[in-house]
Amino acid sequence: MTTYRIHLPDPQLARGADPSLSFKSVGAEGFAEELEAALRQDVLFQRWCADQPEPDEVDPALGVVDPDARVTGRQREKRAELTVVTSVPGEVLRHRLRLLAGSHWELRDVH
């Protein structure tokens, strides 16, 4: 398992390009719940994959899930801080975060 510390510096902007795939929450706890679901289940991946021009050509490794993933969130002044503990590879975590938050997130620590 790997632990990632993620910051959402401006939670209001933490939205991906496709509103149907983006975070809906506005607070740290809601972001944590949504990201945890995106890591534990393949629902977000399947919805994204279905929108691709050639869904059959999408690398299936991007759809890996971790049913034991845990995400906690804390609100710190204006930013949201998420702690992610998962076996999902970093590349997959980054892909899911781009879908959910666009480019409005920062990876602060990995261990």
Side-chain angles (χ1 to χ4, degrees):
M1 296 290 250
T2 305
T3 301
Y4 301 88
R5 285 187 42 238
I6 309 289
H7 286 190
L8 305 173
D10 187 343
Q12 297 296 326
L13 297 177
R15 304 291 182 265
D18 182 341
S20 72
L21 302 175
S22 294
F23 278 133
K24 308 294 185 254
S25 299
V26 294
E29 289 181 13
F31 290 129
E33 289 174 9
E34 290 184 59
L35 179 55
E36 186 175 275
L39 295 171
R40 287 183 172 194
Q41 306 161 6
D42 71 346
V43 175
L44 178 67
F45 170 75
Q46 292 296 335
R47 288 185 7 230
W48 169 79
C49 192
D51 286 343
Q52 300 311 297
E54 298 292 333
D56 294 337
E57 294 180 15
V58 170
D59 182 357
L62 285 175
V64 69
V65 296
D66 172 9
D68 298 320
R70 294 183 322 273
V71 183
T72 56
R74 290 190 333 216
Q75 198 69 41
R76 296 279 191 197
E77 297 177 19
K78 293 184 179 184
R79 76 176 179 269
E81 296 178 354
L82 305 178
T83 301
V84 180
V85 180
T86 185
S87 63
V88 166
E91 177 183 333
V92 173
L93 174 64
R94 288 189 296 275
H95 180 255
R96 306 254 169 96
L97 279 165
R98 283 191 300 271
L99 294 176
L100 292 165
S103 61
H104 304 284
W105 61 277
E106 301 169 351
L107 177 61
R108 290 307 192 110
D109 190 24
V110 178
H111 57 273

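Side-chain atoms are counted along with the backbone in the values below, which use heavy atoms only and exclude waters and symmetry mates.
In this structure, Arg5 and Thr83 approach most closely via the heavy-atom pair CG-OG1, 4.4 Å. Annotation for Ala50 and Pro55: closest pair O-CG, 4.2 Å, computed over non-hydrogen atoms. The two atoms that bring Gly16 and Ser22 nearest to each other are N-OG, 2.8 Å, heavy atoms only. Listed here is the closest heavy atom pair of Gly63 and Asp42: O-CB, 4.1 Å. Here the shortest heavy-atom pairing between Val64 and Pro89 reads CG1-CD, 3.7 Å. Pro9 and His104 get closest at one heavy-atom pair: CD-O, 3.9 Å.
Listed by first and then second residue, the side chain to side chain donor-acceptor pair (under 3.5 Å) pairs that reach into residues 60-72 are Asp66-Thr86, Asp66-Ser87, sequence neighbours excluded.
Going from atom CG of Leu8 over to atom CG of Leu82 covers 5.0 Å, rounded to the nearest 0.5 Å. Note that CD of Glu81 and CD of Gln75 are 9.0 Å apart. Values are rounded to the nearest 0.5 Å. Note that the CG atom of Asp56 and the SG atom of Cys49 stand 7.5 Å from one another [nearest 0.5 Å]. We find the CG-CG distance between Leu99 and Asp18 to be 8.5 Å, quoted to the nearest 0.5 Å. In this structure, Arg96 CZ and Phe45 CZ are separated by 7.5 Å, a value rounded to the nearest 0.5 Å. The distance from the CD1 atom of Ile6 to the CG atom of Leu107 is 4.5 Å, given to the nearest 0.5 Å.
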Notebook entry, point to check: Is there a side-chain contact (heavy atoms from CB on, under 4.5 Å) between Leu21 and Arg47 once you walk through the steps?
Noted result: CA-CA 8 Å; Leu21 302 175; Arg47 288 185 7 230; 3.6 Å; yes

Next item on the list: Check the pair Asp109 / Thr3 against side-chain contact (heavy atoms from CB on, under 4.5 Å), numbers first and verdict last.
Entry: CA-CA 8 Å; Asp109 190 24; Thr3 301; over 6 Å; no

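With hydrogens and angles disregarded, a donor-acceptor distance shorter than 3.5 Å links the side chain of Glu34 to the backbone of Lys24. Checking side-chain atoms of Arg15 against main-chain N and O of Gly102 turns up no donor-acceptor pair under 3.5 Å.
For Lys78, the NZ atom sits in a loose shell: 12 or fewer heavy atoms of surrounding residues, nucleotides or ligands are nearer than 6.0 Å. A 6.0 Å sphere centred on CD of Glu91 holds no more than 12 heavy atoms belonging to other residues, nucleotides or ligands.
The hydrophobic cluster containing Leu39 does not contain Val85, counting ILVMFWY residues as joined when their side-chain heavy atoms lie under 4.5 angstrom apart, directly or transitively. If you chain together hydrophobic residues whose side chains sit under 4.5 Å apart, Leu44 and Leu62 fall into the same group. Both Val84 and Val110 sit in one connected hydrophobic cluster of ILVMFWY residues. Membership requires side-chain heavy atoms under 4.5 Å apart, directly or through other members.
With a 4.5 Å cut-off on side-chain heavy atoms, Trp105 and Leu100 do not count as touching.
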